[in-house]
Trainee: 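Before anything else, here's the structure in question.
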Protein chains: 2
Amino acid sequence: MARLKTTHDVFSAIGEPKRRVLIEQLVLKEMSVNELVDVVKWPQPVVSKHLSVLKQVRIVTERRQGRFRLYRIQPEELRPIQEWMHQFEKFWGGSMDQLDAYLNNLQERDSDEQS
Amino acid sequence: MARLKTTHDVFSAIGEPKRRVLIEQLVLKEMSVNELVDVVKWPQPVVSKHLSVLKQVRIVTERRQGRFRLYRIQPEELRPIQEWMHQFEKFWGGSMDQLDAYLNNLQERDSDEQS
DNA sequence: TCAATATATTCTCATATAGGCATATAAAAT
DNA sequence: ATTTTATATGCCTATATGAGAATATATTGA
């Protein structure tokens with residue numbers, strides 16, 4: 001037949017670049033729709049519609065507070081993606097890049113505390 | 001205006017479930033089109049078309065060998081996704097699941113060597 | 001050369017949106 | 001009650017594209 005709905009699949013949901021931008025903002029902090037509009041500079045309905053998709057796939061939740069609707073990320077819902085990515089890790093740089101990065105980070109933090 | 005092409009974006013490319021299935025197979029080993037058809041049981045043109053998209057975004061490369069075309073995964077191309085996912089790791093299970101797993105692994109290997 | 005095999009391409013159709021615009025809804029403030 | 005503020009919805013259009021069917025292309029073999 002034709003294409004399939006992206007609105008019920010986490011993988012497709014993050015396939016849309018604007019939705020990734022919204023996610024990147026909401027990772028930083030819970031925000032209202034107009035706060036997001038201020039940041040991304042898209043028309044409010046565009047933001048609301050993408051949020052609606054993200055809400056349907058449960059990547060975000062909505063919390064009402066007076067006139068505002070506060071959107072918050074639900075990182076657990078993105079786990080399937082992380083898990084799907086595991087299958088590639090064995091190909092990557094000695095297979096332990098992330099660990100290296102993390103250890104380096106720890107070291108840097110240690111030095112910071114000592115200084 | 002309207003939607004954007006997925007054919008030039010790694011994130012959108014893996015948004016399509018059938019393409020993820022093909023990737024999952026090609027991670028295991030380089031395969032020809034008909035080998036893939038045998039595995040997934042879809043019409044050959046369907047497989048070829050999805051491979052074409054994956055080739056355009058460079059997730060796979062094609063190598064000709066006689067009448068066959070062997071497709072091989074290019075894991076580096078999926079790195080941007082892995083990197084994008086990093087931003088969520090701090091939310092997950094003590095924030096250091098993967099590291100914990102790795103350290104445990106190291107320890108086990110140490111014990112093995114000692115035994 | 002001709003047939004067989006392996007794969008890509010073209011054409012068509014159905015459908016899923018992304019975004020624009022206008023408007024509806026809902027809560028708060030006056 | 002009326003207005004203002006915050007957000008969602010509905011309608012419309014353009015376009016992307018997944019899949020089916022038929023066909024084209026390319027390579028090997030007889």
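Letters go in sequence order (proteins before strands), and every chain restarts at 1.
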Trainee: Would you mind reading off the distance between D38(B) atom CG and dT5(C) atom C1', rounded to a whole angstrom?
Mentor: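 Atom-to-atom, D38(B) to dT5(C), this comes out as 13 Å.
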
Trainee: Check whether any side-chain nitrogen or oxygen of R64(B) sits under 4.0 Å from OP1 or OP2 of dA26(D), and answer yes or no.
Mentor: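 Negative; the distance criterion is not met.
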
Trainee: Among pairs that include at least one residue of residues 14-43 of chain A, which meet ring pair (Phe, Tyr, Trp, His ring centres under 6.0 Å), considering only residues two or more places apart or in two chains?
Mentor: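 Found none.
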
Trainee: So, OP1 or OP2 of dT17(D): does either fall under 4.0 Å of a side-chain N or O from H50(B)?
Mentor: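 No, H50(B) has no side-chain N/O under 4.0 Å of OP1/OP2 on dT17(D).
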
Trainee: Would L51(B) and L26(B) satisfy side-chain contact (heavy atoms from CB on, under 4.5 Å), going step by step from the backbone distance to the final call?
Mentor: CA-CA 11 Å; L51(B) 285 173; L26(B) 291 175; 4.1 Å; yes

Trainee: Test side-chain contact (heavy atoms from CB on, under 4.5 Å) on F91(A) and V27(B) and set out the steps.
Mentor: CA-CA 10 Å; F91(A) 297 102; V27(B) 161; 4.0 Å; yes

Trainee: Distance-only check: which donor-acceptor pairs under 3.5 Å involve side-chain atoms of residues 70-78 of chain A, not counting sequence neighbours?
Mentor:
unit_1 : atom_1 : unit_2 : atom_2 : d
Y71(A) : OH     : E62(A) : OE1    : 3.3
R72(A) : NH2    : E30(A) : OE2    : 3.4
Q74(A) : OE1    : T61(A) : OG1    : 3.1
Q74(A) : NE2    : E76(A) : OE1    : 3.4

Trainee: Could you tell me how far apart W42(A) (CH2) and dG19(C) (P) are, to the nearest whole angstrom?
Mentor: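 My rounded result for the distance is 8 Å.
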
Trainee: Measure the distance from CD on E16(A) to P on dT17(D) and round it to the nearest whole Å.
Mentor: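 Roughly 12 Å, once rounded to whole Å.
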
Trainee: Measure the spacing between CZ of R79(A) and CD of E89(B) and express it to the nearest 0.5 Å.
Mentor: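 With rounding to 0.5 Å, CZ (R79(A)) is 9.0 Å from CD (E89(B)).
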
Trainee: Roughly how many Å is it from CG in D9(A) to P in dA16(C), rounded to a whole number?
Mentor: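 Spelled out: CG on D9(A) to P on dA16(C) is 15 Å.
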
Trainee: Is there a donor in the side chain of E83(B) and an acceptor in the side chain of H86(B), or the other way round, less than 3.5 Å apart?
Mentor: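 The answer is no; no qualifying pair exists.
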
Trainee: Take nucleotides 6-11 of chain D nucleotide by nucleotide from the 5' end and write B, S or -, depending on whether a protein heavy atom sits under 4.0 Å from the base, only from the sugar-phosphate, or from neither.
Mentor: SBBBBB

